[in-house]
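All values below come from the heavy atoms of this structure, side chains included, with hydrogens, waters and symmetry mates left out. All chains are named by letter (A, B, ...) in the order of the sequence lines, taking the proteins before the strands, and each is independently numbered beginning at 1.
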Amino acid sequence: MGECDMSEVSETSGEPMEQRRIDRYDHGEIEPRWQARWEADELYKTTIDPDRKKYYFLTMLPYTSGDMHIGHWYAMTPSDARARYLRMRGYNVMFPPGFDAFGLPAENAAIERNIHPKEWTYSNIENQRRQMRSMGAMWDWSREAISADPEYYRWSQWFFLQMYHNDLAYRKMSPVDWCPNCNTTLAREQVWGEDRHCERCKTPVIKKDLEQWFFRITKYAEELLDFTILDWPEPVRILQTNWIGRSEGARAVFHTEGGDPIEIFTTRPDTLWGATFMVLAPEHPLVKKLTTADRAESVQEYIHQAARRSDIERETVDREKTGVFTGGYAINPVNNERVPVWIADYVLMTYGTGAIMAVPAHDQRDFEFARMFDLEVRPAILPPGVESLDGETMTEALPEYGMMINSGPLTGTPGETAVEQTNAYLEERGIGEGAVNYRLHDWLISRQRYWGAPIPIVYCTSCGIVPVPDDQLPVLLPDDVEWRPTGESPLKFHPTWKHVECPQCGESAERETDTMDTFMCSSWYHLRYLSPGYDEGPFDPKEYDYWMPVDTYTGGVEHATMHLIYTRFFHKVCRDLNITEGHEPMLQLRNQGQILGPDGQRMSKSRGNVIEPDDQVRAYGTDAVRAYLMFGYRWSEGGPWNAENIHGVVRWLNRVWNLVIGTIDANPVDGDPIHTRALQRKQHQTIRQVSHDLENFEFNTVVSSLMELSNVIIAAREAGMAGSQVFNEAIEAMILLMAPVTPHIAEEMWEQLGKPYSIHNQAWPEFDSELAKEEEITLVVQVNGKVRDRIVVPADIDEEQAKATALASEVVQRHMGGKEPRKVIVVPGRLVNIVV
RNA sequence: GCCGAAGUGGCGGAACUGGCAGACGCGCGCGACUCAAAAUCGCGUUCCUUCGGGAGUGUGGGUUCGAUUCCCACCUUCGGCACCA
């Protein structure tokens with residue numbers, strides 16, 4: 001180091017100029033200084049301003065895991081650049097920060113390291129705030145919200161009660177993974193291995209039914225399939241659509257011989273006459289009653305086995321079909337035939353009604369089951385092109401639609417109307433009806449955990465389930481909890497916490513000790529940001545009216561089927577309860593990809609491939625890290641971190657710095673017309689390009705076109721144009737265009753130019769299409785589609801002239817080999833293709 | 001198995017509605033500066049070539065004067081769902 005860090009501007013030879021000492025670009029000095037200034041000036045604080053168009057720009061809030069990795073920067077800083085761009089375009093842009101602060105990792109940390117979850121969480125938030133500040137993003141910290149704050153979860157509880165009062169929250173028995181040794185429920189990630197054993201004691205887990213709280217999201221299934229007003233990525237819409245899993249068909253009621261109804265759902269009511277047996281899920285409530293004494297033992301054994309398998313494992317396709325006969329029979333309502341009832345784990349209690357009619361001739365799963373257990377296969381449909389069908393000799397099921405056969409009164413019904421006609425038939429006779437079924441389940445929100453918002457419910461022996469009155473919210477989490485090595489929820493064992501007076505009768509009662517799923521907290525945080533200190537409701541309606549809905553929401557696709565469905569559901573519920581307006585909370589959604597470790601693997605501490613943003617910022621500066629994250633990847637794709645490519649943007653920033661600072665005092669000159677035009681043109685082309693690309697989340701070309709512009713300005717400097725008016729305009733435009741991407745260096749250069757503070761309050765440069773126009777173009781001349789010559793011509797050349805110019809080319813003539821052109825295609829402003 | 005995304009130089013990536021493939025960078029090579037190195041600057045950098053040119057955007061076909069771009073079939077990688085009745 002030493003003198004190489006400095007350089008001195010010496011203007012043209014000899015003249016003893018005023019010597020200006022140029023400081024090296026020192027991000028370590030510049031960046032914290034501006035961050036402090038912006039914060040002190042509350043530059044990014046947003047308030048309602050009816051005179052300006054609002055823009056609510058939201059990026060998914062981080063979980064309070066401790067420190068942020070480079071992936072958070074990748075998610076947040078390009079979004080910030082776009083928010084800044086919109087701000088310069090004159091929008092009143094709100095870009096709020098916050099933290100998703102409840103959840104299991106805090107509790108695990110507590111158990112492992114004997115530190116209170118609250119302490120762990122809030123000290124993590126401290127660190128993450130520092131890191132987010134170092135991004136130089138336009139966070140409006142006055143709107144920060146933390147989901148674990150009592151004034152936040154008070155309203156999470158309030159929303160729960162709203163759901164409860166409107167029959168959208170209900171309690172039912174539902175299975176959880178249970179460790180019989182630890183005597184506790186386990187979260188999915190605490191269950192390990194093929195044999196599904198407990199993380200802690202290795203005991204195989206079992207399913208256990210517990211009373212749990214659900215939200216009736218299925219009531220909104222149909223509406224959630226409607227994306228018409230949303231500008232969301234197609235893949236996300238498809239993911240949600242598949243997750244909701246709408247299927248049309250019919251419900252029909254069979255009866256056991258004892259007279260108990262068994263409801264089934266089928267997508268193929270037209271095959272009802274082909275049903276030769278029924279299959280119930282092992283957990284189906286009727287199994288016990290149906291099972292005959294001689295079968296009881298094998299049925300019991302099978303149910304026990306099935307209970308040990310997870311749904312996922314049960315659904316592995318390649319497994320051979322298993323099942324046992326219950327000994328019981330049911331009556332097919334369309335033909336009063338007696339069919340045997342089996343149980344098998346290929347029927348899931350969690351889908352449809354947990355019972356199916358089996359039509360082996362037309363359903364492959366039923367077919368395999370029938371062959372395995374030697375059950376009758378009876379065709380009921382004749383697909384097109386099939387002459388006749390024999391159940392005995394079929395080798396696979398035929399799922400195609402076709403004419404109904406062996407189907408009593410409906411025999412002969414063509415495939416096109418078979419489903420419709422059958423549904424009408426079922427309805428007429430009162431044995432069934434057309435129906436729609438969804439894969440989506442109601443949302444289970446109970447967590448047998450401490451670090452979450454307590455569910456505001458009291459159980460009273462005389463009054464039953466009693467909601468905590470609104471004026472008693474929040475139900476506070478107690479701090480003085482005792483940690484037990486079993487991992488069971490401390491709330492249950494707190495000496496006093498759960499014992500309360502019943503809000504209704506005053507008798508002694510018990511609190512619900514489960515807490516809420518954290519997805520509940522994150523379903524409405526965009527509303528809390530509106531007015532985080534507001535205490536008359538979850539948000540201030542005045543703020544809501546101005547800011548909502550969210551205009552742009554950015555985050556990872558991994559939230560497509562959980563958070564993004566829940567938050568839409570939440571919004572629709574609030575709308576129906578007149579809490580909010582509008583049908584959707586977030587109008588535009590864009591997903592960024594993921595930054596992987598340098599080894600191409602997902603970053604994780606155990607792999608040792610984590611890139612720490614703090615290290616990168618220290619080494620290269622925030623602006624360089626921001627610019628590199630935008631430049632090096634397609635934002636929607638992501639990719640491995642590359643430790644070398646970042647040098648490119650570091651050098652670029654240094655070049656720009658030297659360019660700008662080094663030409664501040666340049667003497668005014670008259671630029672020569674050719675360079676003047678070239679510079680002007682590039683300036684305006686860049687304005688167009690950068691605006692378009694920021695608008696469209698194409699951040700990599702934002703940076704590359706800025707690099708191009710700086711290259712052209714440097715060339716102009718070399719040509720002696722520094723100091724000319726056009727040169728200075730180009731410099732100014734470049735700095736303004738850089739401001740969203742590299743806010744600190746832009747601000748610093750802006751100030752050094754003597755421009756008014758702050759660059760982030762300046763208007764975005766205007767684009768002039770006349771000045772961006774090319775006067776000359778390179779006309780590409782092809783012969784038979786192959787490029788043979790390039791000729792520089794005036795941009796406004798007409799077709800005839802272009803054709804003549806092309807044909808006049810010697811090279812072209814040579815390649816035409818003396819033949820006459822058969823056809824000449826002229827693409828105005830681009831090329832001429834001569835076909836011979 | 002089904003659904004989705006992506007395959008372009010040594011690497012990251014660019015290419016508007018079908019019209020110069022490889023912008024902008026990284027890396028590498030050569031040169032300048034230096035006692036030397038780093039930094040910086042300049043030139044070069046898809047492959048083959050008999051220097052005329054030829055080939056080339058995962059593979060094979062097709063449409064077109066012309067295809068990275070549109071159509072069909074397939075291969076690979078990544079992500080989601082997974083016996084959904």
Exercise for the section: Assign a letter to each nucleotide of nucleotides 47-52 of chain B from its 5' end: B, base within under 4.0 Å of a protein heavy atom; S, sugar-phosphate only; -, no contact. Expected result: -----S

My understanding is that only residues two or more places apart in sequence, or in another chain, count here; which of them pass side-chain hydrogen bond (donor to acceptor under 3.5 Å, both in side chains) with [X]?
| X | answer |
| --- | --- |
| A/E770 | A/K773 |
| A/E695 | A/Y85 |
| A/D623 | A/H744 |

So what does [X] hit on the nucleic acid, given a heavy-atom distance under 4.0 Å: a base, only sugar-phosphate, or nothing?
| X | result |
| --- | --- |
| A/W652 | nothing |
| A/I825 | base |
| A/N242 | sugar-phosphate |
| A/L239 | sugar-phosphate |
| A/S247 | sugar-phosphate |
| A/N437 | nothing |

Problem - Involving RNA chain B, stems made of at least three consecutive Watson-Crick or G-U pairs, both distances under 3.5 Å - result: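 Stem list for RNA chain B: B:1-7 with B:75-81, B:10-12 with B:24-26, B:27-32 with B:40-45, B:46-48 with B:53-55, B:58-62 with B:70-74.
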
Report all side-chain donor-acceptor pairs from residues 712-720 of chain A shorter than 3.5 Å, counting only partners two or more places apart or in another chain.
none

Under-4.0 Å side-chain N/O to phosphate OP1/OP2 contact, [X] with [N]:
| X | N | value |
| --- | --- | --- |
| A/R651 | B/C26 | yes |
| A/R788 | B/G54 | yes |
| A/N700 | B/A14 | yes |
| A/N591 | B/A5 | no |
| A/T701 | B/A23 | no |
| A/K823 | B/U64 | no |

Handout entry: Donor-acceptor pair (no angle test) under 3.5 Å: A/R830 side chain, B/C16 base
Key =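 By the distance-only test, yes, there is a pair.
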
May I have the list of side-chain donor-acceptor pairs in residues 630-637 of chain A shorter than 3.5 Å, sequence neighbours left out?
unit_1	atom_1	unit_2	atom_2	d
A/Y633	OH	A/Y628	OH	3.3
A/Y633	OH	A/P640	O	2.9
A/W635	NE1	A/Y74	O	3.0

Problem - Within residues 820-836 of chain A or reaching into it, pairs that qualify as salt bridge (Lys or Arg N to Asp or Glu O under 4.0 Å) - sequence neighbours excluded - result: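 Counting only pairs at least two positions apart or across chains, no salt bridge (Lys or Arg N to Asp or Glu O under 4.0 Å) contact touches residues 820-836 of chain A.
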
Problem - Which residues share a ring-ring contact (aromatic ring centres under 6.0 Å, His included) with A/H692, sequence neighbours left out - result: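 None.
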
Handout entry: A/F227: ring-ring contact (aromatic ring centres under 6.0 Å, His included) partners, not counting sequence neighbours
Key =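 So A/F227 forms no ring-ring contact (aromatic ring centres under 6.0 Å, His included) with any residue.
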
Exercise for the section: For nucleotides B/G10 and B/G4, find the distance between their C1' atoms and express it as a whole number of Å. Expected result: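 Each nucleotide's C1' atom is 31 Å from the other's.
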
Practice task
Could you measure between the two P atoms, the one in B/G25 and the one in B/C41, and give it in whole Å?
Solution key: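 So the two P atoms sit 11 Å from each other.
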
Problem - Other residues, nucleotides, ligands: >12 heavy atoms within 6.0 Å of A/R602 CZ - result: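 It does not: A/R602 CZ has 12 such atoms or fewer within range.
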
Handout entry: salt bridge (charged side-chain N to carboxylate O under 4.0 Å, His left out) against A/D798, all qualifying residues, sequence neighbours excluded
Key =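 Counting only residues at least two positions away or on another chain, A/D798 forms no salt bridge (charged side-chain N to carboxylate O under 4.0 Å, His left out).
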
Handout entry: Along RNA chain B (nearest heavy atom to each residue), the more 5'-positioned of A/E698 and A/N654
Key =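 By nearest-heavy-atom nucleotide position, the 5'-most residue is A/E698.
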
Problem - Upstream residue (5' side of RNA chain B) when A/Y438 and A/R602 are each assigned their closest nucleotide - result: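 Comparing both residues, the 5'-ward one is A/R602.
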
Problem - Syn or anti conformation of B/G52, syn meaning chi within 90° of 0 - result: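 Chi for B/G52 falls in the syn range.
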
Handout entry: Glycosidic class, syn or anti, of B/G4 using a 90° window around 0
Key =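 It is anti.
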
Practice task
Enumerate the residues from residues 632-641 of chain A whose closest heavy atom to RNA chain B is under 4.0 Å, giving them by residue number; use none for an empty result.
Solution key: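 Output list: A/G632, A/R634, A/E637, A/G638.
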
Exercise for the section: Could you verify whether a donor N or O on one side chain and an acceptor N or O on the other, from A/D270 and A/T422, lie under 3.5 Å apart? Expected result: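 No donor-acceptor contact under 3.5 Å links the two side chains.
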
Practice task
Decide yes or no for A/M738 and A/L653: does some side-chain heavy atom of the first lie under 4.5 Å from some side-chain heavy atom of the second?
Solution key: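 A/M738 vs A/L653: side chains touch.
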
Exercise for the section: I would like to know whether A/L629 and A/F699 meet side-chain contact (heavy atoms from CB on, under 4.5 Å); could you show each step before the answer? Expected result: CA-CA 9 Å; A/L629 287 171; A/F699 300 108; over 6 Å; no

